[in-house]
Amino acid sequence: MTTTGSAPASAYESLRERAQAHWAALESRPLVRVGMDATGRAAGGLDVVASFRTEVASHGLQATVSEVGCLGLCFAEPLVDIKLPGGPRVFYGNVTPAIARELVESCLVKGVHRPDLALGTLGEGPAHGIPRLEDQPYWKLQVRVATRLCGTVQPADLNQYVANGGYAGLAKALAGMTPKAVQDEMTKSGMRGRGGAAFPTGTKWSFLAGARGAVKYVLVNCEEGDPGAFNDKGILEGDPLTLLEGTTICGFATGAVQGYVFIRHGNDGPIEKTRAAIVEARKAGLLGKNIMGSSFSFDIDVALTGESYVSGEETALMEAIEGKRSMPRARPPFPANVGLWGKPSNINNVKTLAYAPEIMRNGGEWFATIGFERSKGTAILCLTGAVKRPGMYEVPFGLKLRDVVDGIAGGSPEGSKVKLLQTGGPLGGVLDARSLDLTLDFETMARAGAIMGSGGIIVGDDRVCAVDLTRNLVAFCQFESCGKCFPCRLGMTNLLETVERICQMQGQAQDLDLMRSIGTTMQAGSLCGHGQLGFNPISSAIRFFEADFRSHIVDRRCPTGSCTAVFLKPTRTRPVATSEWYAKREYAKT
Amino acid sequence: MLRERVRKAITSQPQPVVTVLSSLLAVEDEMGYIPPEAVEEVAEHTQSTVNDVWAVASFYTNFRFTSPMERVVEVCWGPTCHLMGAQEVMRCAQELLGMQGEGDTSDGKVTLKYNTCLGACSQAPVVMADHKLVGRCTPERLAALLRAERTGYHAPGAHS
Ligand SMILES: Cc1cc2nc3c(=O)[nH]c(=O)nc-3n(C[C@H](O)[C@H](O)[C@H](O)COP(=O)(O)O)c2cc1C
Ligand code: FES
C-alpha cells in the first residue's frame with residue numbers, strides 16, 4: 001500500500017493552521033490547568049477544580065479552567081498551573097480549595113503571582129522571583145518524550161494536541177514514506193518494548209508486516225495490572241491522542257486495518273478520555289477511511305477486560321478481547337501469524353506506541369542519541385513508596401538508580417534510609433540499597449535479578465521488612481494466577497503458604513530450598529511469564545536479604561517488627577457462587 | 001422488569017464487537033451485579049452456552065452475583081500501599097464495619113473490597129469510597145470517611 005504525497009501534507013497544513021489559531025486564542029486569556037488524573041483526584045483535585053470554577057464564575061472572569069492529566073509531580077498534587085497572557089506557566093503545589101480562592105483573587109483578579117505559594121515556573125516570561133522548574137533536580141534530569149504533553153494539553157482536545165506538534169509524525173509517514181521505511185525508522189531508533197520483555201519494536205512490526213492475510217490487528221496493551229505502576233493509564237488520561245497517533249503509525253507500517261486499545265473495566269478516566277479522543281480523530285479524518293486524504297484506512301476502538309492480571313499477557317489479552325477467560329495460549333503459533341480471531345496481530349504496550357509520533361517527527365536517529373547502549377530513549381518511571389517526591393518521571397536510560405531515587409525523588413523521608421527497591425512489578429525483583437549504583441537500562445536491571453518491567457520502582461526504607469514485602473508480592477501472584485497451568489496455580493499457593501509461615505515465625509530450616517525447588521518447577525512448566533517469573537520476587541529477596549529470612553526462620557524474629565501474624569488480603573479468588581445464590585436462583589425460576 | 005433492563009444493557013453496547021465478556025461488563029455497569037437471568041440472556045445473545053458464560057463471569061474478580069450494597073469501600077493492598085500502611089487501614093475498615101474480611105456487612109449496607117492497585121500509588125495508602133479516590137488515607141481518615149459517608153448508620157461492629 002503506497003500513498004500519494006501531496007494530500008496528507010496539505011491536510012496536515014490546514015489542520016495545523018486551525019490548531020495554532022486555537023492555541024493562540026487559548027493563551028490570550030488567563031489559563032488555569034489542574035492535574036486531574038487518578039493521582040490528582042486522590043489528592044483532592046476534584047474540590048480544587050470546583051473551587052476554581054466557582055470563583056472564576058463569581059468574579060465574572062475571562063479565564064479558562066482546564067482539567068489536564070498528570071505532569072508527573074505527584075508529590076505536589078493537587079498541582080495547579082496558572083498562565084497569564086505573555087507570562088510563564090507558574091505551578092502551585094498542594095493546593096486546597098482555600099488556596100484556590102486566594103490564587104484566583106491574586107493571580108486572576110489582580111494579575112500578580114504568589115511567589116510565597118509557588119513551586120516553580122516553566123517557559124519564557126517574567127518569573128517574579130519564583131524558581132524555575134528547569135533548575136529543580138526533579139525536572140532537570142528528565143527528558144520528556146512520550147509524556148511531553150501530559151499535564152499541558154487538555155486530554156482528547158485535537159487542536160491543543162496538533163498545536164504542540166501532534167500528527168506531524170503521521171503526516172510525514174503518509175506523505176512520503178513506505179510502510180517499510182516506517183518500520184526501518186523504528187528499528188533505527190533502537191526502540192524496545194516498554195511492556196516488560198523489551199523486544200525490538202521495529203522487528204516486531206516487521207513480523208506483522210510480513211504476515212499473510214488481508215485483515216491484521218494492532219493491539220494496544222493498557223491492562224497495566226502491575227501494582228505500583230500508573231504510567232500507561234497516566235498517558236491515556238493525560239494525552240490519549242499521542243497513543244492514537246502512534247497506533248495509527250503502527251497500523252500504517254504493518255498494514256493493519258484495525259486497532260484495539262485494551263483497558264481494564266473500571267478505569268473510567270482512561271476509558272472515557274480514549275473514547276473521546278477516538279471520536280475527535282474520526283471527525284478530523286485522522287481515523288477511518290483514507291486518513292488525511294491518503295489511500296490508508298485504519299480505525300481504533302476500545303476493548304475492555306475484567307479484573308485479571310494475566311489479561312495483560314499478550315495471548316491472554318487476545319482471549320479477553322474475544323470475550324473468554326483471559327488464559328494464555330501456547331506459542332507457536334505466534335500472534336504475528338495467528339492472533340486475535342486467528343488473524344495476524346501485533347501487541348504493544350501503551351508507552352511503546354506513545355513514542356512513535358515523536359520518533360517519526362524527529363527521526364529514529366534523534367531518538368537513538370538519547371539513552372544508553374542497547375537501551376535507547378527514555379524510561380517512564382513511577383517512583384513510589386518511602387521517598388520525598390513520589391511521581392511519574394521520564395528519564396533517559398543510563399542514569400544511575402541513585403540519580404533517580406535520591407536526585408529526582410529526593411531519597412527517603414527525614415530520619416530513615418533507603419533499604420530496598422522493588423522494580424518491574426510483582427514479577428520483578430527486590431533489590432537492596434547497594435543497587436542504587438546500578439545503571440538504569442534493560443540489561444543491567446535484568447542482570448541484577450530485577451527487571452525494568454513497566455517502570456514501577458517502589459522504595460522501602462529501613463522500617464520495612466523485606467520478607468513482609470515479599471509476602472505481599474507473593475500473595476498478589478497467587479491471587480492473580482489464572483489457574484491454567486498447574487505449576488503456577490499450585491506453586492504460587494505453596495509459595496504463599498511457605499512465606500506466610502516464615503512471616504509467622506513458623507518457618508523451617510528447609511523452607512528456602514523448598515521454595516527454590518517449587519520456583520524451578522514453575523519456571524519450567526508454565527505457559528506464560530506469570531508462572532515463569534512468579535518466583536522472581538522470592539529469589540531476588542533471598543539473594544539480597546537472606547539474613548532477614550534467616551532471622552525469621554532461625555531466630556524467630558522480624559528485625560523491623562513489621563511481620564504481623566495476620567496478613568490481610570483478598571478472600572476472593574476467582575469467585576464462585578455461594579449456596580445462597582443457588583437458593584435465590586431456584587426462587588427466581590418459580 | 002429485570003430481564004428487560006438486562007437485555008437493553010446487552011443490546012445497547014457502544015462498541016462494534018460484542019462478546020460474552022463485553023456483555024457481562026455491560027450488565028454489571030447497568031445493574032451493579034450479574035443476576036442469574038443475565039447469564040441466560042448473555043448466553044442467548046452471544047450464542048454461547050450458560051456454562052460458557054458462567055466460566056467467564058466467575059473468572060474475572062470484578063463481577064458479583066448479588067445486588068450491590070449502597071456503599072462500596074475499596075482498600076488498596078498493593079505493595080506501595082502495603083509499605084505505606086495499608087494493613088492498618090484494612091484492619092480499621094474491618095473493625096469499623098464489623099467484618100472478618102472482604103464482603104458485605106450483615107445489615108446489607110456496605111461492601112468492603114480489597115483492590116490490588118487503585119492506580120494512584122504516589123498517594124499511598126489509597127482507598128476508594130463510592131468510586132471516589134482518597135489518597136494518604138490513615139485509619140483516622142478512613143473512620144471519618146465512613147462516618148461521613150454513612151450518616152445515621154451504625155456499623156454492626158462500631159461502638160459509638
Ligand atoms: C502475567 C503478565 C502480565 C502482563 N501484563 C502486561 C501489561 O499489563 N501491560 C503490558 O504492556 N504488557 C504486559 N505484559 C507483557 C505482554 O505480554 C507483552 O510482552 C507486551 O504487551 C508487549 O508490548 P511491548 O513489545 O510494547 O513491550 C504482561 C506479561 C505477563 C506474562
Ligand atoms: S499500590 Fe495502592 S494504589 Fe497502587
Side-chain angles (χ1 to χ4, degrees), chain A residues 38-39 41-43 46 74-75 77 225-230 233 265-267 301-309 320-326 382 384-386 390-392 422 426 456 458 460 464 469 472-473 476 479-480 564 567-572 574-577 580-581 584-585 588, chain B residues 14-25 28-29 35-37 46 48 52 54-56 58-66 76-84 86-87 90-91 94 100-103 113-124 126 128 131-136:
Chain A
T39 58
R41 290 196 302 275
L46 286 166
C74 304
F75 65 93
E77 278 176 328
D226 279 1
F230 46 91
K233 292 186 280 268
H265 176 259
N267 288 307
D301 268 305
V302 170
L304 300 183
T305 177
E307 279 175 19
S308 154
Y309 178 68
I321 298 181
E322 292 177 12
K324 306 175 197 151
R325 285 174 287 184
S326 56
C382 293
T384 61
M392 176 172 94
Q422 203 280 316
I458 304 171
V464 163
L469 175 63
N472 178 278
L473 298 169
F476 174 89
F479 177 71
E480 291 290 4
T564 47
F567 168 66
L568 299 177
K569 57 179 189 297
T571 35
R572 300 164 288 160
R574 321 254 72 109
V576 288
E580 293 101 79
W581 185 87
K584 215 169 150 199
R585 188 184 150 89
Chain B
Q15 82 288 357
V17 177
V18 171
T19 65
V20 172
L21 176 56
S22 77
S23 306
L24 285 168
L25 291 172
E28 167 131 314
D29 280 340
E37 293 84 349
T46 57
S48 330
D52 287 340
W54 261 118
V56 176
S58 62
F59 179 82
Y60 294 96
T61 52
N62 54 298
F63 293 119
R64 54 176 288 142
F65 305 102
T66 50
C76 176
W77 69 292
T80 305
C81 290
H82 182 75
L83 294 187
M84 303 302 277
Q87 288 284 315
M90 291 158 86
R91 235 186 303 280
Q94 289 195 5
Q100 301 298 319
E102 288 181 302
K113 268 177 90 170
Y114 298 146
N115 199 300
T116 51
C117 176
L118 288 165
C121 328
S122 54
Q123 310 292 341
V126 184
M128 188 145 85
H131 305 289
K132 202 171 154 232
L133 285 166
V134 181
R136 296 181 192 143

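Below, chain A is the first sequence line, B the second, and so on; all start at residue 1.
Heavy-atom distances place the side chain of B/Gln94, and not its backbone, under 4.5 Å from chain A. Heavy-atom distances place the side chain of B/Met84, and not its backbone, under 4.5 Å from chain A. Proximity to chain B is limited to the side chain of A/Asp301, based on heavy atoms less than 4.5 angstrom apart. In this structure, chain B has heavy atoms under 4.5 Å from both the backbone and the side chain of A/Leu568. The part of B/Val134 that comes within reach of chain A is its backbone (N, CA, C, O), which places non-hydrogen atoms under 4.5 angstrom from that chain. With a threshold of 4.5 angstrom between heavy atoms, B/Ala55 approaches chain A through its backbone and through its side chain.
Taking CG of B/Leu25 as the reference point, atom OG1 of A/Thr305 lies at 7.5 Å (rounded to 0.5 Å). Here the CG-OG1 distance, from B/Leu83 to A/Thr384, works out to 8.0 Å after rounding to the nearest 0.5 Å. With rounding to the nearest 0.5 Å, the separation of CD in A/Glu480 from OG1 in B/Thr61 is 6.0 Å.
In terms of heavy-atom pairs under 4.5 Å with chain B, the best-connected choice from A/Ala386, A/Gly323, A/Ala43 is A/Gly323. Residue with the most contacts toward chain B among A/Ala42, A/Pro390, A/Cys382, A/Ala320: A/Ala42 (heavy-atom pairs, distance under 4.5 Å). Looking only at heavy-atom pairs under 4.5 Å with chain A, the residue among B/Arg136, B/Gln15, B/Gln87, B/Met90 that has the most is B/Gln87. For the set A/Cys74, A/Gly225, A/Gly456, A/Ser326, the count of heavy-atom pairs under 4.5 angstrom toward chain B peaks at A/Ser326.
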- Query: Going through the distances and angles, do B/Lys132 and A/Leu46 end up as a side-chain contact (heavy atoms from CB on, under 4.5 Å)?
  - Reply: CA-CA 10 Å; B/Lys132 202 171 154 232; A/Leu46 286 166; 4.1 Å; yes
- Item | Working for side-chain contact (heavy atoms from CB on, under 4.5 Å), residues A/Thr564 and B/Arg91 | CA-CA 12 Å; A/Thr564 47; B/Arg91 235 186 303 280; 4.1 Å; yes
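Contact between B/Gln123 and A/Glu77 at its shortest, heavy atoms only, is NE2-OE1, 3.1 Å. Taking each heavy atom of B/Ser122 and A/Thr39 in turn, the nearest pair found is OG-CG2, 3.3 Å. For the pair B/Asn62 and A/Glu307, the tightest heavy-atom approach, listed with the atom from each and the gap, is OD1-N, 2.9 Å. Here the closest non-hydrogen pair linking A/Leu469 and B/Pro79 is CD1-CB, 4.0 Å. In terms of heavy-atom proximity, A/Ala229 sits nearest to B/Cys121 at N-SG, 4.2 Å. Of all non-hydrogen atoms in B/Gly119 and A/Ala38, the two that sit nearest each other are O-CB, 3.8 Å.
Under the salt bridge (charged side-chain N to carboxylate O under 4.0 Å, His left out) criterion, A/Arg325 pairs with no residue at all, not counting sequence neighbours. In terms of the side chain to side chain contact (heavy atoms under 4.5 Å, CB included) criterion, residue partners of B/Thr46 (sequence neighbours excluded) are, by chain and number, B/Val20, B/Ser23, B/Val42, B/Ser48.
By the 30° and 60° cut-offs, the orientation of the rings of B/His82 relative to A/Phe567 is perpendicular.
With contacts defined as side-chain heavy-atom distances shorter than 4.5 Å, the pair B/Thr116/A/Phe479 qualifies.
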